[in-house]
Amino acid sequence: MEELQEVKDKIRDFVKECNDEKSLVLLEKLANGKMLRSKLILKIAGVSKQSIELCAVVEMIHAASLLHDDVIDESDTRRGQPSVNALFDNKTAIMFGDILYSKAFTQLTFMDQKVAYTISNAVTLLSIGEMLDVDLTNSFNSSYDKYLDMIYKKTASLIEAASKAAAILAGLDEEKYALYGKNLGLAFQMIDDILDITQDSSTLGKPAMLDFVEGKVTIPYLLLHERLENKTKLESLYKKELTQEESLWIKEQMFITNALSDSILQAKQIGNEAIKAVEDEENSQTLVMIMKAMIEREF
């Protein structure tokens, strides 16, 4: 998509405006993702100067959150490439994240007030979500509501805001698109959490089953814990470097209790809720395709 190249060029222009050579060097080191949020904005609002700038702002915010995330998680890789904190150091990654955040907010001040509020409010939620994510790793979390609240704030809130802001730009029903974005974001994170168990390390670009080792009790583990008679065994493996036998035991129990298949089912149900929100809209077919491509990734 040449529009996505336009978004990348616009991000570079915005960073150039900061008049800081190191920031441009660091920008080149960021691993490129799928740009899901930009694809959504462009599908909903069409391609214009306003929508390209909105995409650039949202991508900068997303990139900033990932830079901070990698420091929090002590992650050396991002999408199979060395992370900025690994290439430089934690301080550099945090400060570059701050530069991207603040420049994005500067650009928001030139935009429609409702669009600016929608995006900036989501960044507050996202930051609270990051903190909740960290807090939930302190002890074994068995609350589905806490997990759902955290993934809504940390992941879904910005996707929800991107969809809503794009609808505002296009003069469409913003609440329908917000609901679509919210459910897309929830399903997206659930699928990511499931892939951590089902995919191998080379496909993931990080060690498989790393979430549980890092203290993240995601949806498959929540359902497994609920269904296991011997809950203490699973709890004893929490935040532990797993042996091959222990990993195998978890995977076997996931299949025996249907925790894995039911997690996939839940993610798909939430995905279908997103589709339902926009099924009467003109561009619904494309949005359905985005959702389907995302929830039907390889398990």
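The first residue in the sequence is number 1, and the count goes up from there. The analysis underlying the following values was restricted to heavy atoms, covering all of them including side chains, and did not include hydrogens, waters or symmetry mates.
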Trainee: Please determine, by modelled atom types, if T92 and D89 share a side-chain donor-acceptor pair under 3.5 angstrom.
Mentor: yes
Trainee: Could you check whether K49 pairs with E53 (Lys NZ or Arg NE/NH1/NH2 to Asp/Glu carboxylate O, under 4.0 Å)?
Mentor: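 A salt bridge links K49 with E53.
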Trainee: Within a radius of less than 6.0 Å around CD of Q5, do more than 12 heavy atoms belonging to other residues, nucleotides or ligands occur?
Mentor: yes
Trainee: Enter the distance from I72:CD1 to E214:CD here, rounded to the nearest 0.5 Å.
Mentor: 11.5 Å
Trainee: Which class fits the ring pair H225 and F140: parallel under 30°, tilted 30 to 60°, perpendicular over 60°?
Mentor: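 Ring orientation of H225 relative to F140: tilted.
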Trainee: Check whether any side-chain heavy atom of M60 lies under 4.5 Å from a side-chain heavy atom of F105, and answer yes or no.
Mentor: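 No. Closest side-chain heavy atoms not under 4.5 Å.
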Trainee: Work out which heavy atom in L27 is nearest to a heavy atom in R12; give both atom names and the distance.
Mentor: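 So the two residues come closest at CD2-CA, 3.8 Å.
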Trainee: Please report the shortest heavy-atom distance between E279 and S284, naming the atom on each side.
Mentor: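 Residues E279 and S284, closest heavy atoms: O-OG, 3.6 Å.
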Trainee: Given side-chain contact (heavy atoms from CB on, under 4.5 Å), test L148 with I219 step by step and report yes or no.
Mentor: CA-CA 9 Å; L148 211 58; I219 182 162; over 6 Å; no
Trainee: Tell me if a side-chain donor or acceptor on Y238 pairs with a main-chain N or O of S139 at a distance below 3.5 Å.
Mentor: yes
Trainee: Pair up each side-chain donor or acceptor in residues 106-116 with any protein partner under 3.5 Å, not counting sequence neighbours, and list the distances.
Mentor:
unit_1: T106; atom_1: OG1; unit_2: S102; atom_2: O; d: 2.8
unit_1: Q107; atom_1: OE1; unit_2: K103; atom_2: NZ; d: 2.8
unit_1: T109; atom_1: OG1; unit_2: T106; atom_2: O; d: 2.5
unit_1: D112; atom_1: OD1; unit_2: K114; atom_2: N; d: 2.9
unit_1: D112; atom_1: OD1; unit_2: V115; atom_2: N; d: 3.0
unit_1: K114; atom_1: NZ; unit_2: E174; atom_2: OE1; d: 3.1
unit_1: K114; atom_1: NZ; unit_2: E174; atom_2: OE2; d: 3.1

Trainee: Please indicate whether K231 has more than 12 foreign heavy atoms, meaning atoms of other residues, nucleotides or ligands, lying under 6.0 Å from its NZ.
Mentor: yes
Trainee: Hey, what do you get for CG (L223) to OG1 (T218), rounding to the nearest 0.5 Å?
Mentor: 9.5 Å
Trainee: Whether the Q189 and D193 side chains hold a donor-acceptor pair (N or O, under 3.5 Å, no angle test) is what I'd like checked.
Mentor: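 Note: Q189 and D193 side chains meet the donor-acceptor criterion.
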Trainee: Sorted by first residue and then second, give each salt bridge (Lys or Arg N to Asp or Glu O under 4.0 Å) pair with at least one member in residues 119-134; sequence neighbours left out.
Mentor: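 Listed once each, the pairs are D133-K154, D133-K216.
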Trainee: For the residue pair A45 and A170, what are the closest heavy atoms and their distance?
Mentor: CA-CB, 3.9 Å
Trainee: Under 3.5 Å, is there a donor on one side chain and an acceptor on the other for S83 and N85?
Mentor: yes
